[in-house]
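Here is the structure we will look at, set down as structure tokens.
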Amino acid sequence: MSLNSIFQYFVPKDKKIFFPLFEQASNNVVVMATVLVETVNSTNPATREELFKQIDKLENKGDEITHQVYLELGKNFITPFDREDIHALASAIDDVADYIQGAANRMNLYRIDDYNEHIRKLSELVLQCSLDLEKAVRELKDLKNVRAIADSCIRINSVENQADYVFDRAVADLFLYEKDAIRLIKYKEIYSALETATDMCEDAADVMESILVKNA
Amino acid sequence: MSLNSIFQYFVPKDKKIFFPLFEQASNNVVVMATVLVETVNSTNPATREELFKQIDKLENKGDEITHQVYLELGKNFITPFDREDIHALASAIDDVADYIQGAANRMNLYRIDDYNEHIRKLSELVLQCSLDLEKAVRELKDLKNVRAIADSCIRINSVENQADYVFDRAVADLFLYEKDAIRLIKYKEIYSALETATDMCEDAADVMESILVKNA
Amino acid sequence: MSLNSIFQYFVPKDKKIFFPLFEQASNNVVVMATVLVETVNSTNPATREELFKQIDKLENKGDEITHQVYLELGKNFITPFDREDIHALASAIDDVADYIQGAANRMNLYRIDDYNEHIRKLSELVLQCSLDLEKAVRELKDLKNVRAIADSCIRINSVENQADYVFDRAVADLFLYEKDAIRLIKYKEIYSALETATDMCEDAADVMESILVKNA
């Protein structure tokens with residue numbers, strides 16, 4: 001067995017470990033965002049209560065996947081990208097999950113009753129960029145389809161810009177029409193958590209763009 | 001042609017691409033900060049309206065420059081510094097622009113009428129550290145004047161500290177004298193965006209300091 | 001003298017410079033957190049006034065240590081870890097100090113009188129993770145006891161999760177029982193600064209985990 005074939009034998013095994021974990025993590029984010037959209041469109045408080053619990057469980061599941069990426073980083077010498085990038089991508093995807101759960105958690109803790117169009121629109125945008133996040137992560141596996149990854153990252157950036165715009169309008173509306181300062185704070189916080197979830201998607205896209213830059 | 005001269009032939013071309021872009025980006029931030037100072041010192045709502053639009057346009061221009069840095073990073077194999085540092089510096093300068101526009105946007109959306117001394121002072125400090133940011137970026141080109149870059153970074157840190165102090169006083173004032181909670185929130189948000197713009201300048205200075213550390 | 005012994009002669013001198021600085025910085029954070037806990041448990045306004053001043057002085061001392069790390073980074077060619085990691089760890093420890101001082105500063109500026117159980121509990125958690133931060137930093141010196149560093153990092157993560165939970169409960173309480181919007185904002189800001197101090201500890205733990213990943 002030549003040194004080369006020994007290498008080919010060992011390398012793929014190590015490298016292959018990370019991609020399924022990234023796919024699980026980004027798929028978990030998509031499921032969370034889907035449940036979030038369902039929650040904010042539900043008119044039944046009991047159903048929402050149930051969905052909030054699901055989001056909490058999914059966030060825990062995400063934490064476990066992230067932790068496993070870190071564990072594998074500790075065990076594996078050969079990685080498909082720089083160790084730092086694997087760490088950064090795993091923690092960026094984890095941040096998206098954290099903010100989705102954070103937004104849901106606030107809706108629940110603040111006992112929000114009026115799921116208005118801004119909340120529904122922002123949740124929709126979180127789902128949209130989660131889907132593109134998952135798409136880009138899937139393509140990362142072979143780096144063959146660099147164009148597809150770059151396109152997903154561009155779409156994530158564009159959705160994040162839309163979320164900024166919706167957030168600004170939503171907050172301007174609050175300051176124009178909401179006379180109850182405490183209600184204003186509650187809604188502003190929820191809008192902000194949702195908007196930050198799209199920011200975190202953009203951070204993950206930035207990590208992937210920098211992986212492309214270094215490896216393409 | 002020796003290998004060395006071939007190298008000299010190719011390297012500078014690639015390397016030279018980034019500096020004009022960084023200079024454009026930091027100069028754009030200086031223009032934005034200058035317009036901001038003009039805005040907060042204007043007493044004419046129509047003039048302010050016009051200046052807010054200018055800031056928005058400049059922010060778009062900044063986005064395009066940042067995007068071009070990323071594109072060049074993808075195309076160029078040889079870079080003057082680590083690819084990560086180029087990415088980090090471009091995105092740090094972009095963040096300064098984002099927060100200047102964010103502050104202006106809030107002033108506009110919240111229909112602020114009283115441009116008080118805190119807002120004027122914080123805007124002045126944003127301009128001050130933008131000027132030092134531009135100065136440092138210009139010197140980055142040849143890394144000959146390491147002292148000048150380090151001095152600008154130190155001044156940025158000192159201005160950021162002043163901005164922290166002004167922010168704290170401004171917020172303490174709000175809590176002492178402002179009885180309208182919603183007005184309090186509006187002003188606090190604007191102070192905070194202005195103060196964060198100086199934080200982002202400090203982040204850019206940190207990136208430059210770490211470039212010095214690695215390359216000097 | 002062999003090349004090897006020349007190396008052994010020079011390397012340790014350079015490398016040894018950073019560890020005492022990191023230990024000083026993390027010990028300073030522990031002292032700050034200890035004074036913070038003392039402050040929030042004191043019932044005497046004059047004593048608190050005095051303790052706030054101590055925290056400010058300690059924060060300045062921390063700034064000087066951080067600055068010295070950066071200076072040494074500029075002077076020393078050989079570092080025990082990647083230069084970036086040394087920079088990142090120093091600035092992460094500095095961030096913990098900043099947020100402890102930030103929280104204390106707000107308590108002081110907002111003239112808080114009721115140091116409730118949430119404030120006391122969160123301050124306690126800040127102290128707890130500061131202690132683990134110091135423990136991990138001490139072990140970093142020889143990287144022999146990788147298990148001990150990893151365990152401290154895991155405990156920091158767990159304390160940060162507890163702080164999240166306490167923060168959420170505290171904010172939910174505010175929204176349920178606090179009818180004065182301005183008081184609500186003040187308390188929310190203080191809870192948030194305390195919780196962010198534990199986030200910054202987690203960031204420092206992340207840097208140490210990534211140092212382990214790269215060097216173990």
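Atom set for the values below is all heavy atoms of this structure, side chains included, hydrogens, waters and symmetry mates excluded. Chain A is the first sequence line, chain B the second, and so forth, proteins listed ahead of strands; every chain is numbered from 1.
For the atom pair CD of B/E209 and NE2 of C/H87, the computed distance is 6.0 Å after rounding to the nearest 0.5 Å. From C/I182, atom CD1 reaches atom CZ of B/F175 across 7.5 Å, with rounding to the nearest 0.5 Å. How far CZ of C/R106 is from CG of B/D168: 8.0 Å, rounded to the nearest 0.5 Å. In this structure, CG on C/L73 lies 11.5 Å from CG on B/L212, to the nearest 0.5 angstrom.
Of the atoms belonging to B/L174, not a single heavy atom falls under 4.5 Å from chain C. Residue B/K188 touches chain C through its side chain alone, counting heavy-atom pairs closer than 4.5 Å.
Each of C/R111, C/H67, C/K186, C/R183 has some count of heavy-atom pairs under 4.5 Å with chain B, and the biggest count is that of C/K186.
Heavy atoms of other residues, nucleotides or ligands lying less than 6.0 angstrom from CZ of B/F52 number more than 12. Within a 6.0 Å radius of OH in C/Y99, other residues, nucleotides and ligands contribute 12 heavy atoms or fewer.
For the pair B/V171/C/L109, no side-chain contact is recorded, criterion being any heavy-atom separation below 4.5 Å from C-beta on.
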